[in-house]
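Note that the coordinates shown come from a computational prediction; the quantities given were computed from them, not determined experimentally. In what follows, every heavy atom counts, from backbone to side chain, and hydrogens, waters and symmetry copies are set aside.
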Amino acid sequence: MLRKVVLKMYNFSEIEKKWQEYWEKHNSFVASNTSDKQKYYILVEFPYPSGAGLHVGHVRSYTALDAMSRVKRMQGYNVLFPMGWDAFGLPAEQYAIKNKVHPKEAVKRNIEVFKKQIQNLGLSFDWTREFATTDEDYYKWTQWQFLKFYEKGMAYKDKKQINWCPNCKIGLSNEEAEGGVCERCGHSVVKKEKEQWLLRMSDYAEKLLAGLDDTEFVDRVKTAQINWIGKSVGAEVDFKLSDLDDTLKVFTTRPDTLYGVTFMVVSPEHKVIDKYKDEIKNYNEVLKYKEEASKKSEIERTDATKEKTGVKLKGIYAINPVNGEKIEVWTSDYVLTNYGTGAIMAVPAHDERDYAFAKKFGINIIEVIKGGDVSKEAYIGDGEMVNSGILNGLTNKKDSIDKMIKYLEENKIGKKTTNYRLQDWIFSRQRFWGEPIPMIYCNECGWVPVPYEDLPVTLPEVTSYEPTDNGESPLANITEWVNTKCPHCGKAAKRETDTMPNWAGSSWYYLRYMDPKNDKEFASMDAMKYWGMVDYYNGGMEHATRHLLYARFWHRFLYDNGLVPFPEPFKKRVAHGMILGENGEKMSKSKGNVVNPDDMVKQYGADALRTYELFIGDYEKDASWSENGLKGCKRFLDRVYRLKDKVVEGFMYSKEIENLIHKTIKKVTNDIETMKYNTAVSSLMILTNEFEKLETITKTDYKTLLILLNPIAPHITEELNEICSLGRPIVECRWPEYLESKTIDNEKEIAVQVNGKVRATIKIDSSMDEEEIKKLALNEENVIRHTKDKSIVKIIIIKDKIVNIVIKD
RNA sequence: GCGGAUGUGGCGGAAUUGGCAGACGCACUAGACUUAGGAUCUAGCGGAGCAAUCCAUGGGGGUUCAAGUCCCUUCAUCCGCACCA
């Protein structure tokens, strides 16, 4: 016992607690809304407070942005670095179902645990602005904003083929059903028709695409967004239906191939099928196919490698508008309902899918672009147009497309169109633990919005949180909640029982941080004007598409309606890499490689954990955990601690290391700003190594090291600052400046190469001219050895870098 | 299939405009101090070689006085999108 006490150099737990209390007591990190300092808004994605507690991955990104915040504050900025809780969602609800407690309770407990864990890390969050999306005075405004969407015609209810998870009994957005499996439980997703609230996000496709120009997202995030929006330019073409006074509209990116159209395909859900059931001679067969298609899971249906299936709509024919040919109409599930018009013109000669379909069903194939062998495969390359009337002889694809579009528009059979992959946002969830959608259905008046003054529509206390058997929200069973009066006519009416998706609350939380206590507005215009865009927004790649698009869409809508002062919410978006287990695999309970940050804080201290997580590697890349690496960082901090015994009075940098200090200030400043934390730590280690070699260091030497290290390891540096009486607490200090002139050594060692191979090194100083350097280089013994009996062709001298002597035999 | 990224010692990873490859840390080896060491300090640490030197940044080619870095080509891994017309 005694041994332990003697050996322990310092008690990091006590030190950490002491300074965390100091910061809290002094409001060190509270941001002001009325400051004349320049603002800087740094945001980390607020966590979902799961029962599993904080992950070491959270620690990495929080510490990284914390370090940035601390530097910015010391540089004189008014920094907003807030934290809150994204607390609606399935896990809390499932916990509630299992344990028969209100999700509110579980969420409250989890938040407490999370908050404690986060606070133990000494992160400089402004806790005065904390809130959870589940707070009534927060979701009141989420509902308020939904009503704005409704008011502007941007929210609508529609019968939609939705992704349905038969296991969770919940409707899923396309985003949650990626790959055809339920994101939550992994069960196969099927299609189901259901009345759903939707937001017209597809109307904003172009704005969301163009808005990216106002941002500085890292490339991989930007491309993910662009792909997700999926813009493609082409044409809409109307095909007359033979003997019917109707047309079938298709979207195509290749109107130049119109003469090669030999059939059309509509999706199984396409409305022509129902509309012309009397004309379709094999309607029963078609209906059967349609039913089969709806039963297929998303995976089965979108498996591109499977053989094409389909049924001809017998009795229905279309007319190719450019050549008057009568062509067959088919239905097949390879045509998607929710893209384009849900119908395609098929050009088997020049499209792989159409080719496979035509081959299987023996449909005619007409070549319109020369270059391939259409008896073997679809030719998708470029070439001379043939069999194509007005386009014959053209060889440039773009010209052909332009000419055809012009023809279509002149003859009113089509027009240039842009299509987007981006769909409207399915906004309904048949779940309890979400914001109630503030709408009321009245038999007389239809859908009526809850009046603004009646918000929030709060969640009731209930005993069962299970969805009903027909998939309705558990709210549907609570008659006293459901039954209400129509705000319009006063007659009996019913509340909407669907709730909002998780993405709703997280679509505007960054605005609430700007003015979190406001009970008149979601945030005041003044506060939003002051804080402006989020300067740095950090999150995982898993949110690079959905969350980021939803939030941008939501924000842009608010902007278009004058509710926020700027069109884009986030300036920079950076994405951290994951922290993997020691074995290089993703941390998971089942693999037994989970590292609990609490244990690490207890054993090595928060400062060591923070330092290690920044040192672990490139911030944007995944990195494997290594407890030995953490120990190494603990050792580094111990060495910094021991330096205190070398400190002597002095207001100047020690001569021997003055240049290195200036260089280190420059490096750490730049590295933290550009998120190269690993090299920032490394340069501080180098500086520490040099300090160790000296007999004494001045107070100024030491203080500078402590300030530079402070954003990374804030507790121990404050403590040492106090122990050594180095002046005001670091949190109140200015970030040090460097002199560019002092970062340049006047004496330098450079390499001398002969034919590109290093043969010697020489010491030069800044006053030397090329002649002197040349002389010095040629006098090196090893250089002489390699150049004698050879003729020197030329000597290349790059100032301060290298000398290369080129010789010939 | 399309798009994005990555590939450097035993390991994590460094290397402005092309300019001494392997900074910094881990692991390891030897030594010092020790009753003790999961502490600390000193030295070593890409491979081959006694050495001079040679080889080495996924592979192959090229440009250049000089290539991890630029160009061409190829392989591997990871991620995103994917029957999107």
Grab the [atom1]-[atom2] distance between [X] and [N] for me, whole Å please.
| X | N | atom1 | atom2 | value |
| --- | --- | --- | --- | --- |
| A:Asp638 | B:rU40 | CG | P | 7 Å |
| A:Tyr10 | B:rU40 | OH | P | 11 Å |
| A:Ile784 | B:rA52 | CD1 | P | 18 Å |
| A:Arg639 | B:rC26 | CZ | P | 8 Å |
| A:Phe357 | B:rA85 | CZ | P | 18 Å |
| A:Ile750 | B:rC65 | CD1 | C1' | 15 Å |
| A:Ile762 | B:rG19 | CD1 | P | 18 Å |
| A:Lys676 | B:rA23 | NZ | C1' | 13 Å |

Atom [atom1], compared across [N] and [M]: separation rounded to whole Å:
| N | M | atom1 | answer |
| --- | --- | --- | --- |
| B:rG12 | B:rG4 | P | 27 Å |
| B:rG68 | B:rC20 | P | 10 Å |
| B:rU16 | B:rC11 | P | 23 Å |
| B:rU8 | B:rG3 | C1' | 26 Å |
| B:rG46 | B:rA27 | C1' | 15 Å |
| B:rG25 | B:rC78 | C1' | 25 Å |
| B:rC70 | B:rU57 | P | 15 Å |
| B:rA23 | B:rA15 | P | 12 Å |

- Task: Please report the closest heavy-atom contact between A:Met345 and A:Thr257, naming both atoms and the distance.
- Result: CE-OG1, 3.8 Å
Closest approach to the side chain of [X], judged atom by atom: which nucleotide of [options] is it?
| X | options | value |
| --- | --- | --- |
| A:Tyr334 | B:rG19, B:rC83, B:rC54 | B:rC83 |
| A:Lys757 | B:rC20, B:rA85, B:rC54 | B:rC54 |
| A:Thr252 | B:rC55, B:rA85, B:rC41 | B:rA85 |
| A:Asn689 | B:rG25, B:rA85, B:rC20 | B:rG25 |
| A:Arg642 | B:rU40, B:rA85, B:rG25 | B:rU40 |
| A:Arg759 | B:rA82, B:rC24, B:rU53 | B:rU53 |
| A:Arg635 | B:rU53, B:rC26, B:rC24 | B:rC26 |
| A:Asn628 | B:rC26, B:rC24, B:rG19 | B:rC26 |
| A:Phe251 | B:rA85, B:rU53, B:rG38 | B:rA85 |

- Assign A:Glu352 to base, sugar-phosphate, or nothing according to its heavy-atom contacts below 4.0 angstrom with the strands shown. nothing
- Message: Using a 4.0 Å heavy-atom cut-off, does A:Gly632 contact any base of the nucleic acid, only the sugar-phosphate backbone, or nothing at all?
- Response: sugar-phosphate
- Interatomic distance, CD1@A:Ile327 vs CG@A:Asn364, rounded to 0.5 Å, equals 11.0 Å
Provide the Watson-Crick or G-U wobble partner of [N], both distances under 3.5 Å; none if there is no partner.
| N | answer |
| --- | --- |
| B:rA27 | none |
| B:rC78 | B:rG4 |
| B:rC70 | B:rG62 |
| B:rC50 | none |

- Message: Between A:Arg573 and A:Glu45 (salt bridge meaning N to carboxylate O under 4.0 Å), is one present in this structure?
- Response: yes
- Indicate yes or no: does A:Lys308 engage A:Asp333 in a salt bridge with an N to O separation below 4.0 Å. no
- Item | Backbone of A:Ala544 reached by a side-chain donor or acceptor of A:Gln225 within 3.5 Å | yes
- Item | Polar side-chain atom of A:Tyr355 near backbone of A:Lys376 as donor-acceptor pair, under 3.5 Å | yes
- Note on the structure: Sequence neighbours excluded, the answer for ring-ring contact (aromatic ring centres under 6.0 Å, His included) partners of A:Phe357 is A:Phe263, A:Trp330, A:Tyr334, A:Phe361
- Message: Please classify B:rG7 as syn or anti, treating any glycosidic angle within 90° of 0 as syn.
- Response: anti
- Message: I need a per-nucleotide contact map over nucleotides 43-51 of chain B, read 5' to 3'. Cutoff is protein heavy atoms under 4.0 Å; write B for the base, S for backbone only, - otherwise.
- Response: ---------
- Encode nucleotides 2-14 of chain B as B, S and - characters from 5' to 3', where the letter depends on protein heavy atoms closer than 4.0 Å: B to the base, S only to sugar-phosphate, - to neither. -SS-S-----BSS
- Message: I'd like to know if A:Lys308 reaches the base of B:rC83 with its side chain, counting only an N/O donor and acceptor under 3.5 Å.
- Response: yes
- Would you verify whether the NZ or CZ of A:Arg546 falls within 45 degrees of the ring axis of A:Trp503 while also being under 6.0 Å from that six-membered ring's centre? no
